[in-house]
Amino acid sequence: MQKRTKIKELINTEPTGQQVTVKGWVRTFRNTQFIAINDGSTINNIQAVLNAGVTDDATMKRITPGSCVGVTGTLIASQGKGQKVEVAVTAIEIYGDAESDISKPNSYPLQPKAHSLEFLREIAHLRFRTNTFGAIFRIRHSLAYAVHKFFNDKGFVYMHTPIITASDAEGAGEMFKVTTLDINKAPLNEAGEIDFKQDFFGKATNLTVSGQLEGELAAMAFGEVYTFGPTFRAENSNTTRHLAEFWMIEPEMAFFDLNDNMDLAEELLHYVIKYALEHNREDIEFLNQRLLDEEKNKPQIERSEMSLLEKLQFCIDNKFERVTYTEAISILRESNHNKKKKFQYLVNEWGVDLQSEHERYLVEKHFKKPVILTDYPKDIKAFYMRQNDDGKTVRAMDILFPGIGEIVGGSQREERLELLETRMKEMHLPIEEMYWYLDTRRFGACPHAGFGLGFERLVLFVTGMTNIRDVIAFPRTPKSAEF
RNA sequence: UCCUUCUUAGCUCAGCUGGUUAGAGCACAUGACUGUUAAUCAUGGGGUCCCUGGUUCGAGCCCAGGAGAGGGAGCCA
């Protein structure tokens with residue numbers, strides 16, 4: 001095949017009349033002369049100029065939005081104002097048509113005009129071809145790459161923890177069952193329950209909700225490890241921040257206490273946001289402008305104080321605020337917001353879980369920056385978190401981001417076998433089944449810590465999008481698994 | 001799962017206290033146009049008013065049930 005040059009490269013090339021080939025998808029065709037072609041390598045299109053006589057009328061008719069073309073021609077300085085260079089076409093080939101006549105069946109649904117995000121969600125298989133989703137998914141890629149680069153450069157080992165797991169004690173949420181049994185005539189045991197001994201794995205299995213426990217096993221050998229993979233929660237959550245299938249980054253480090261853990265999480269977030277700002281400047285600038293345009297239609301009060309670019313820059317220029325749960329409760333209790341009863345749930349006693357309105361108040365009103373909350377009451381946190389000497393709190397930390405809420409949840413782990421077992425008994429967890437996890441505490445236990453970072457929530461923050469369904473290609477949510 | 005709002009042309013939306021033939025912008029089609037930038041100009045076509053049932057002389061509008069979507073809450077990442 002005729003080799004092509006990617007548009008990203010071409011638009012930064014000095015035009016010396018060299019012959020080039022561009023292949024991509026038509027965005028617009030103006031004045032029967034100017035084709036705007038996009039190939040996904042950049043948000044920018046290249047302008048291909050079709051001078052008279054280059055091709056016939058029948059071919060011209062086939063140059064429609066969405067069609068796939070390859071053009072060959074000379075790269076010249078553009079006479080027009082919108083671009084530096086353009087291709088003076090000498091040959092054009094149509095690889096694939098796209099019907100533009102909406103009165104015909106199977107016409108191309110993307111029109112050269114603005115579409116709502118809700119509509120684009122219904123055609124998620126085609127929305128990559130829009131500027132907005134092109135930008136989002138290039139940024140998503142960069143963030144994923146930056147995560148791997150960050151950990152690799154620090155000497156972390158990337159672990160692939162299992163997707164199918166027999167453990168259901170991670171306590172992170174409802175699980176999806178994995179089985180090859182016929183659900184209409186599943187074999188029963190003597191007690192009348194489904195006999196999973198006859199199932200594929202010989203026991204009940206589920207999709208993982210977290211790779212953390214396996215991560216801890218590996219950390220007890222490699223020191224510093226991380227996982228970055230899909231996780232599944234069968235919760236009936238219908239929000240702009242939850243998915244049934246999402247990607248999570250979970251580092252686990254031996255010889256780390258909670259402070260080391262927070263330092264690492266903060267460094268990671270700073271690093272990947274900075275990476276995206278440096279490597280996806282144009283995409284972020286496009287999304288920045290998109291949000292500014294959107295805000296023009298809003299009343300003054302609802303507009304955000306900072307633009308997306310300012311928000312991202314602010315985030316990497318400033319340390320996150322670190323506050324204990326106990327301090328947070330007294331800040332909230334003393335706040336005018338609480339006294340004037342503006343919270344739906346008033347903050348009175350120590351020990352209650354914070355509502356998202358409280359988290360938002362701390363992040364967006366009080367500190368006006370990302371906040372790390374630490375040392376939560378043990379009763380509202382998972383079994384594996386290390387207990388403090390006060391007997392009431394655990395070494396947990398949540399990182400709260402403006403507009404997103406909880407983006408990271410982590411803790412120093414309880415490495416003391418007796419305390420861990422006691423806690424598991426209190427919480428009615430199957431200690432025998434989890435012998436493999438407890439073995440880390442039996443054989444060479446050490447202080448260690450880790451956290452989980454919700455990848456889509458990170459992408460939400462960096463793109464300035466507000467619905468998590470718009471930052472994953474094919475979102476899985478309750479009652480929705482199209483495509 | 002709970003609360004709440006919405007569903008009218010391909011898309012985004014108007015639609016008067018229930019009244020006769022349901023509108024706009026964009027998109028689309030046809031024509032013009034070789035320096036356009038979501039081109040422009042002219043002309044034109046396009047509707048199961050989400051579904052089912054009810055009230056009424058008459059329903060896009062009112063009532064009941066259902067479906068789908070958005071926003072908020074809970075669970076969390």
- Task: Rounded to whole angstrom, note down the C1' distance from A77(B) over to A59(B).
- Result: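 These two C1' atoms come out 48 Å apart once rounded.
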
- Query: Taking the same atom, C1', in U1(B) and in U17(B), what whole-Å distance lies between them?
  - Reply: 38 Å

- Query: More 5' along RNA chain B: Arg241(A) or Ser480(A), using each one's nearest nucleotide?
  - Reply: Ser480(A)

- Message: Return whichever of Ala244(A) or Gly80(A) has its heavy-atom-nearest nucleotide of RNA chain B closer to the 5' end.
- Response: Gly80(A)

- Query: Can you list the residues that meet the salt bridge (Lys or Arg N to Asp or Glu O under 4.0 Å) rule with Arg322(A), with sequence neighbours excluded?
  - Reply: Asp263(A), Glu266(A)

- Task: Check whether any side-chain N or O of Arg121(A) sits under 4.0 Å from OP1 or OP2 of G70(B), and answer yes or no.
- Result: yes

- Message: Is there a side-chain contact between Lys104(A) and the phosphate of G45(B), meaning an N or O under 4.0 Å from OP1 or OP2?
- Response: no

- By centroid distance (under 5.5 Å) and plane angle (under 30°), are Phe246(A) and A77(B) in a stacked arrangement?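 Phe246(A) ring centre within cut-off of A77(B) base, planes near parallel; stacks.
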
How many whole angstroms separate atom [atom1] of [X] from atom [atom2] of [N]?
{"X": "Phe119(A)", "N": "A69(B)", "atom1": "CZ", "atom2": "P", "answer": "15 Å"}
{"X": "Asn467(A)", "N": "A77(B)", "atom1": "CG", "atom2": "P", "answer": "19 Å"}
{"X": "Asn106(A)", "N": "C28(B)", "atom1": "CG", "atom2": "P", "answer": "18 Å"}

- Item | Ion pair Arg127(A)/Asp470(A), N-O distance below 4.0 Å | yes

- Query: Should the pair Asp375(A)-Arg395(A) be classified as a salt bridge under the 4.0 Å nitrogen-to-oxygen rule?
  - Reply: yes

- Message: Any N or O donor-acceptor pair under 3.5 Å from the base of G10(B) to the side chain of Gln111(A)?
- Response: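 Checked by distance alone, the answer is yes.
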
- Of the nucleotides U34(B), C11(B), C28(B), which one has an atom closest to the side chain of Ile102(A)? C28(B)

- Would you write the dot-bracket representation of RNA chain B, where each base gets (, ), [, ], | or . depending on whether it forms a Watson-Crick or G-U pair under 3.5 Å and with which partner? (((((((..((((.....[...)))).(((((.......))))).....(((((..]....))))))))))))....

- Item | Residue pairs involving residues 472-483 of chain A (criterion salt bridge (Lys or Arg N to Asp or Glu O under 4.0 Å); sequence neighbours excluded) | none

